[in-house]
**Student:** 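Attaching a single structure in structure tokens format; questions to follow.
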Amino acid sequence: GGRVAAKFSDQKVEVGASYVHEEKGAGEGDLYGADVTAKLTPQTTLHAEAARTETSYYGTEENGNAYLAEVTHESGKITGNAYYREQQTGFGLDQQTGSGTGTLKYGARSDYKLTPQLEVAGDAYHQDNLATGAERDVAELQGRYASERFGLHTGLREARDRFETGEEQRSSQWLLGGNWVTSDHKLNLRGDYEQSLAEKDENSDCPTLLRWGADYQLTDKVGVFVEQEFSWGAEQNTDGTRAGFNATPWQGADLRSSVEQQTSENGQRVFALFGLGQSWQVNERWSVDASIDRSHTIKDAGSRDFNTN
């Protein structure tokens with residue numbers, strides 16, 4: 001696949017077009033997309049995307065559209081954005097996860113810097129499942145501290161799901177996390193903990209969670225990472241391990257690969273991901289991007305997804 005873009009109006013407007021083709025044993029699919037980014041003021045940017053996919057997998061033909069509109073504002077101590085996203089149920093190539101397909105989502109995020117190191121962040125959104133009629137509302141408030149070598153964050157989250165049957169699932173959580181970087185800035189250790197409060201852990205996407213990881217920069221161009229995650233929810237307990245590397249072997253290139261293992265009551269799944277991207281700046285107005293991504297399931301015990309859209 002690839003993307004072509006051009007800039008106009010003294011670099012204030014960028015218009016792009018994208019195409020992705022995917023083939024695998026079960027069939028093939030195509031994605032066509034267009035996007036525009038406009039600098040409305042020195043502090044405010046408008047971004048919009050529209051895309052369509054046409055696929056034929058396992059003998060079934062599907063097609064669907066997706067839309068995105070977003071306004072971002074950065075002014076002194078305040079950064080914020082408001083957005084609208086829609087993905088129809090038939091949209092997506094075969095490797096795309098089901099959590100975002102067949103959904104409509106709108107919300108807003110904002111950050112306010114109290115000092116150069118300390119900020120307060122808020123996030124709220126509403127999401128509709130277009131296939132089932134289920135609704136989700138999430139609100140989150142966090143305080144964050146960041147210095148040259150370490151960072152801390154803590155906050156609260158409230159998540160509620162309402163289903164077409166009238167059932168409601170709710171999670172109220174306390175969030176805590178941080179990271180520490182060595183003096184040579186080669187090693188970054190990070191961790192997050194999300195604790196459900198007052199036995200309110202019904203929301204399947206917001207369980208009690210523990211995640212830790214490490215990133216190490218081997219050279220200026222190659223970095224490796226490892227991550228471990230455990231979750232405990234009302235529906236099920238899970239754990240996952242992920243390891244891989246990221247590299248920039250030459251100018252404009254991005255090479256990434258990882259192996260991930262996921263374990264739950266439904267079984268164990270092991271899969272590998274590989275991606276290669278390349279960006280070329282043709283001139284001041286034209287740039288070209290191309291990428292190749294591949295996923296391979298090494299082991300699948302037949303586990304099923306909670307969201308089957």
Side-chain angles (χ1 to χ4, degrees), residues 37-49 66-87 97 99-100 103-130 134-162 168-181 188 190-213 227 229 231 233-234 307:
T37 301
K39 199 77 171 177
L40 303 180
T41 70
Q43 296 83 26
T44 306
T45 303
L46 171 66
H47 179 73
E49 298 179 12
Y67 308 98
L68 166 66
E70 183 176 34
V71 177
T72 302
H73 181 78
E74 298 181 5
S75 177
K77 297 181 178 181
I78 300 176
T79 301
N81 75 326
Y83 59 89
Y84 173 92
R85 299 172 184 164
E86 179 181 349
Q87 289 189 13
T97 61
S99 61
T103 61
L104 183 154
K105 180 179 180 180
Y106 55 86
R109 294 186 292 263
S110 182
D111 300 334
Y112 180 76
K113 280 192 173 296
L114 300 172
T115 70
Q117 294 81 27
L118 184 63
E119 69 176 15
V120 178
D123 184 6
Y125 68 85
H126 174 85
Q127 186 173 23
D128 293 316
N129 188 311
L130 302 177
E135 299 179 357
R136 169 172 292 179
D137 290 292
V138 176
E140 185 174 308
L141 181 66
Q142 286 198 47
R144 302 169 182 164
Y145 176 83
S147 67
E148 182 180 358
R149 291 186 52 192
F150 74 91
L152 292 172
H153 61 265
T154 186
L156 297 171
R157 176 191 294 141
E158 179 75 15
R160 295 186 182 184
D161 286 354
R162 290 175 295 277
E168 182 175 292
Q169 294 183 351
R170 178 181 175 185
S171 287
S172 300
Q173 294 185 299
W174 170 55
L175 314 176
L176 177 67
N179 76 296
W180 177 77
V181 181
N188 176 42
R190 46 189 167 82
D192 288 281
Y193 183 67
E194 302 176 1
Q195 174 63 55
S196 296
L197 304 174
E199 298 183 354
K200 295 176 181 178
D201 60 351
E202 301 166 345
N203 192 296
S204 61
D205 289 335
C206 298
T208 294
L209 180 143
L210 172 64
R211 181 193 303 116
W212 63 266
E227 186 174 277
E229 178 179 296
S231 72
N307 188 335

**Student:** Tell me the closest heavy-atom pair linking Gln173 and Cys206, and the distance in Å.
**Tutor:** NE2-O, 3.1 Å
**Student:** Holding to ring-ring contact (aromatic ring centres under 6.0 Å, His included), I want the full list of residues that pass it with His73, two or more places apart in sequence or in another chain.
**Tutor:**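 Here no residue qualifies.
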**Student:** Compare all side-chain heavy atoms of His47 with those of Leu68 and state whether any distance is below 4.5 angstrom.
**Tutor:** yes
**Student:** Identify the two heavy atoms, one from Ser231 and one from Pro207, that lie closest to each other, and give their separation to 0.1 Å.
**Tutor:**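 So the two residues come closest at CB-CG, 3.8 Å.
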**Student:** On a heavy-atom basis, which atom in Val138 and which in Ala159 lie closest, and how many Å separate them?
**Tutor:** CG2-CB, 4.0 Å
**Student:** Specify whether Tyr193 and Trp174 have parallel, tilted or perpendicular ring planes, treating 30° as the upper limit for parallel and 60° as the lower limit for perpendicular.
**Tutor:** perpendicular
**Student:** Just by distance, do the side chain of Thr41 and the backbone of Thr44 share a donor-acceptor pair under 3.5 Å?
**Tutor:**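 It does hold such a pair.
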**Student:** Quick check: do Trp180 and Arg149 have side-chain heavy atoms less than 4.5 Å from each other?
**Tutor:**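 Result yes, sub-4.5 Å side-chain heavy-atom pair found.
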**Student:** Is any side-chain heavy atom of Arg170 less than 4.5 Å from a side-chain heavy atom of Glu158?
**Tutor:** yes
**Student:** With heavy-atom distances below 4.5 Å as the criterion, would you say the side chains of Gln142 and Leu175 are in contact?
**Tutor:** yes
**Student:** List for me each residue that meets ring-ring contact (aromatic ring centres under 6.0 Å, His included) alongside Phe150, sequence neighbours excluded, and say none if there are none.
**Tutor:** Tyr145
**Student:** Check Asp161 with Arg136, please: is the shortest side-chain N to carboxylate O separation under 4.0 Å?
**Tutor:** yes
**Student:** Return the CD to OH distance between Gln127 and Tyr106, rounded to the nearest 0.5 Å.
**Tutor:**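 It is 11.0 Å, given to the nearest 0.5 Å.
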**Student:** CG of Leu46 to OG1 of Thr37: how many Å apart, nearest 0.5 Å?
**Tutor:**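 That separation rounds to 8.0 Å.
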**Student:** Given side chains that start at C-beta, do those of Glu229 and Trp212 come closer than 4.5 Å, heavy atoms only?
**Tutor:**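 No; the side chains remain at least 4.5 Å from each other.
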**Student:** Would you mind checking if Glu135 and Arg160 are paired as a salt bridge, meaning a charged N to carboxylate O distance below 4.0 Å?
**Tutor:** no
**Student:** Determine whether Tyr84 and Leu104 make a side-chain contact, defined as any pair of heavy atoms from C-beta on separated by less than 4.5 Å.
**Tutor:** yes
**Student:** How long is the span from the CG atom in Leu176 to the CG atom in Leu152, to the nearest 0.5 Å?
**Tutor:**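 One gets 7.5 Å once the value is rounded to the nearest 0.5 Å.
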**Student:** Which donor-acceptor pairs under 3.5 Å do side chains of residues 111-119 form with protein atoms, sequence neighbours excluded?
**Tutor:**
unit_1, atom_1, unit_2, atom_2, d
Thr115, OG1, Gln117, N, 3.3
Thr115, OG1, Leu118, N, 3.0
Glu119, OE2, Arg144, NH1, 3.2

**Student:** Hey, could you give me the CG/OG1 distance between Leu156 and Thr154, rounded to the nearest 0.5 Å?
**Tutor:** 7.0 Å
**Student:** Nearest heavy-atom pair of Gly178 and His153: which atoms, and what distance?
**Tutor:**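 Of all heavy-atom pairs spanning Gly178 and His153, the closest is N-CE1, 3.8 Å.
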**Student:** Could you state the interatomic distance from CD (Glu194) to OG (Ser171), rounded to the nearest 0.5 Å?
**Tutor:** 10.5 Å
**Student:** Give me the atom names and distance for the closest heavy-atom approach of Ser110 to Ile78.
**Tutor:** OG-CG2, 4.2 Å
**Student:** So, Thr45 versus Thr72: side-chain donor-acceptor pair below 3.5 Å or not?
**Tutor:** no
**Student:** So how far is it from Arg109 CZ to Asn81 CG, rounded to the nearest 0.5 Å?
**Tutor:**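 Taking CZ in Arg109 and CG in Asn81, the distance rounds to 4.5 Å.
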**Student:** Answer yes or no: is there a donor N or O on one side and an acceptor on the other, between the side chain of Thr103 and the main chain of Asn129, under 3.5 Å?
**Tutor:**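 Not at all, since once roles are kept as given, no pair shorter than 3.5 Å links the two residues.
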**Student:** Would you name the heavy atoms of Val120 and Leu141 that are closest together and state the gap between them?
**Tutor:** CG1-CD1, 3.9 Å
